[in-house]
Amino acid sequence: MEQTFIMIKPDGVQRGLVGEIISRFEKKGFYLKGMKFINVERPFAEQHYADLSAKPFFSGLVDYIISGPVVAMIWEGKNVVVTGRKIIGATNPADSAPGTIRGDFAVEIGRNIIHGSDAVESARKEIALWFPEGPVNWQSSVN
Ligand code: CMP
């Protein structure tokens with residue numbers, strides 16, 4: 001079954017939108033297969049956004065992603081990559097339709113709340129980068 005990588009960015013966490021975002025994906029009918037709450041360091045953020053390293057906004061984008069904890073998730077379901085991007089809305093909140101996450105909650109392209117993989121192949125790469133240990137961490141003891 002198809003999977004995608006979704007990340008709630010630091011502004012989405014700080015603004016208390018984690019529950020709202022998860023709820024939208026759950027209500028659509030997608031399955032949450034992996035989730036973690038983490039601070040990423042600069043080299044990791046640079047690796048995630050390596051394709052954008054030549055862009056003038058690259059260092060600001062990396063500063064933003066490392067500015068606070070993010071929620072990294074794996075979501076699964078039929079056409080979840082393309083449909084997930086529709087739920088999220090256009091990259092620039094100025095262009096994202098009302099009813100989408102960015103359309104409802106964001107105004108700035110540099111603070112656009114959420115990331116979603118843009119293709120099945122990038123989803124595969126991003127899931128491998130963010131979840132090298134697999135989708136679920138096991139804890140064998142309470143001590
Ligand atoms: P995301 O879906 O995570 O993919 C790349 C990110 O780069 C995008 O969301 C935005 O956060 C950021 N981005 C794209 N274009 C610009 C821009 N012109 N200025 C600032 N950030 C941008």
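Side-chain atoms are counted along with the backbone in the values below, which use heavy atoms only and exclude waters and symmetry mates. Counting starts at 1 for both ligands and their atoms, following the listed order.
- A ring-centre distance under 6.0 Å is found for Trp75 and Phe25.
- A salt bridge does not link Asp95 to Arg102: none of the charged side-chain nitrogens sits closer than 4.0 Å to a carboxylate oxygen.
- In this structure, Lys36 pairs ionically with Glu133, as a charged nitrogen and a carboxylate oxygen lie closer than 4.0 Å.
- By the criterion of a heavy-atom distance under 4.0 Å, the side chain of Asn112, and not its backbone, is placed next to ligand 1.
- Look at Arg24 and Asp104 and you find a salt bridge, because one of the NZ, NE, NH1 or NH2 atoms lies within 4.0 Å of a carboxylate O, short of that distance.
- At least one donor-acceptor pair under 3.5 Å links the side chain of Ser117 to the backbone N or O of Phe5.
- At a heavy-atom distance under 4.0 Å, only side-chain atoms of Thr91, from C-beta outward, approach ligand 1.
- Interface atoms of ligand 1 facing Leu52, defined by a heavy-atom separation under 4.0 Å, are 5 (C), 7 (O).
- Transitive grouping of hydrophobic side chains (ILVMFWY, heavy atoms separated by less than 4.5 Å) keeps Val80 and Phe131 in distinct clusters.
- Within the 4.0 Å heavy-atom criterion, neither part of Asp118 lies near ligand 1.
- The single protein non-hydrogen atom nearest to atom 13 (N) of ligand 1 is Phe57 CE1, 3.5 Å, given as residue, atom name and distance.
- Nearest protein heavy-atom contact of atom 4 (O) of ligand 1 is Tyr49 CE2, 3.8 Å.
- When the options Arg111, Lys55, His115, Lys9 are ranked by their closest heavy atom to atom 11 (O) of ligand 1, first place goes to Lys9.
- Protein heavy atom nearest atom 7 (O) of ligand 1, with residue, atom name and distance: Leu61 CD2, 3.4 Å.
- Linking Ile, Leu, Val, Met, Phe, Trp and Tyr whenever their side-chain heavy atoms come within less than 4.5 Å puts Leu17 and Phe37 in one cluster.
- Between Arg102 and ligand 1, a contact under 3.5 Å exists for at least one N or O pair.
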